[in-house]
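Scope of the values below: all heavy atoms of this structure, side chains included, with no hydrogens, waters or symmetry mates. Counting starts at 1 for both ligands and their atoms, in listed order. Numbers for residues simply follow the sequence, beginning at 1.
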Amino acid sequence: MKKIFLIIPLALVLLVSCDREEFNSDNSIAVVEYPLANIASLKEAPYPIGGALTPNNLKNNAAYKQTVINEMTSMTSENAMKMANISRGRKQYFWDDVDYLVNFGIENKMRVHGHTLIWHNSTPAWITSFVGTKEDWKLIMKEYIQDVVGRYKGKIKSWDVVNEVIDDNGVLRESVWKKNIGEEFIALAFQYAHEADPDAILFYNEYGHEYSAARRLAVYQLAMKLKAENVPINGLGLQMHVPVTRSEADIRYAIFSAAKTGFKIHVSELDVALNPSLNKSFVLTNELLQQQKDVYRYAAKAMMELPVEQQYGITFWGVADPNSFLSSGPDFPAVFDFTYKRKPAYDGLLQGFYKK
Ligand code: XIL
């Protein structure tokens with residue numbers, strides 16, 4: 001009797017701290033551990049790793065800022081570079097927050113990615129109420145894109161030119177841009193951005209590749225159409241806001257189907273929600289943190305398997321649990337915890353980076 005009491009807790013500890021169980025041929029249990037890439041911080045990752053940042057957190061939260069500086073080689077903006085934040089009227093702009101972020105990135109030798117030029121969810125009131133011909137609409141879009149991209153030419157290295165243009169039925173989403181310009185607004189947005197900074201790497205950013213074959217196919221077809229028309233597009237952004245239950249196969253489908261286009265692949269908004277059903281009495285457990293670690297590994301590993309020139313990098317949506325847009329769930333979707341310590345998810349990334 002005594003023996004059993006000793007063995008059970010030990011077995012539990014082993015199970016929780018190890019990666020995966022598998023059955024041997026004699027049905028005994030073997031524990032498979034994934035090796036970790038031997039790097040001191042995410043700055044040494046095989047491809048750029050970054051976060052979506054806010055000026056407010058950088059200015060007021062020392063631990064946040066230090067984590068970014070210690071761990072990241074690329075960055076984007078969570079909200080400051082969106083049209084509704086920049087554009088205050090025709091040819092009227094609010095640049096302070098964007099300037100701040102771009103300067104921070106450059107000072108810290110980070111690659112700065114711009115998110116996002118054209119998004120149906122970020123149109124200032126003057127645009128929504130604008131009345132004009134198709135040519136007028138093309139002109140206001142061109143003015144905006146070229147003023148923004150032109151101002152940060154050579155500083156913002158890449159842009160999400162359009163964001164979320166496919167709807168949940170796998171067809172082009174209705175938006176003021178589609179309504180007033182027609183489907184052509186997408187190719188034009190890329191063309192205008194390219195004219196303003198011919199060296200900028202231009203992305204089409206989208207969500208849902210990992211849970212919907214219809215969305216995957218629609219994105220693929222749109223990307224291939226743009227490519228066939230010689231539109232200056234270089235990459236696909238896969239947002240990857242995923243629940244902890246997302247399977248490895250789903251994440252691999254998402255990344256490899258997008259990579260079939262030959263474009264650069266950016267996992268552009270990665271987070272792994274532990275409480276996707278927003279249960280108010282949610283309790284964080286060790287087991288969930290271990291499962292979350294697996295999901296981070298799936299993404300990091302699939303990216304590793306792409307040709308190097310297609311590995312644009314992984315960007316976390318936020319930096320640590322308290323500043324994720326999901327944190328009020330409550331949720332804990334990030335790689336760093338409330339005290340900015342590395343979570344098991346961090347080791348999941350290191351496992352994904354491991355190469356024999
Ligand atoms: C979100 C931000 O995180 C929130 O702070 C904001 O209120 C709304 O936008 N897909 C995107 C991002 O492309 O821009 C969104 O960011 C999250 C979903």
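Atoms of ligand 1 found under 4.0 Å from any heavy atom of F325 (numbered from 1 in listed order, with element): 3 (O), 17 (C). Listed by atom number, the atoms of ligand 1 under 4.0 Å from H115 heavy atoms are 11 (C), 12 (C), 13 (O), 14 (O).
Geometrically, ligand 1 and Q239 share a nitrogen or oxygen pair separated by less than 3.5 Å. In terms of N/O distances under 3.5 Å, ligand 1 is not approached by W119.
Around the NZ atom of K65, the shell of radius 6.0 Å holds no more than 12 heavy atoms that belong to other residues, nucleotides or ligands.
Taking the salt bridge (charged side-chain N to carboxylate O under 4.0 Å, His left out) definition, one finds that K343 meets it with D321, sequence neighbours left out.
Annotation: atom 13 (O) of ligand 1 to nearest protein heavy atom, E269 OE2, 2.7 Å.
Side chains of S257 and H209: no donor on one and acceptor on the other come within 3.5 Å. Between the side chains of N205 and S268, at least one donor N or O lies within less than 3.5 Å of an accepting N or O.
If you look at Y47 and F353, their ring centroids are closer than 6.0 Å.
Contact annotation for N163 and ligand 1: only side-chain heavy atoms (C-beta onward) come within less than 4.0 Å of the ligand. Only side-chain heavy atoms of N79 come within less than 4.0 Å of ligand 1; its backbone N, CA, C and O stay farther off. By the criterion of a heavy-atom distance under 4.0 Å, neither the backbone nor the side chain of Y207 is placed next to ligand 1.
Under a 4.5 Å side-chain heavy-atom cut-off, the cluster of Ile, Leu, Val, Met, Phe, Trp and Tyr residues that includes W317 is completed by F325, L326.
From M75, atom CE reaches atom CZ of F316 across 15.0 Å, with rounding to the nearest 0.5 Å.
Within the set K82, E78, E164, the minimum heavy-atom distance to atom 15 (C) of ligand 1 is found for K82.
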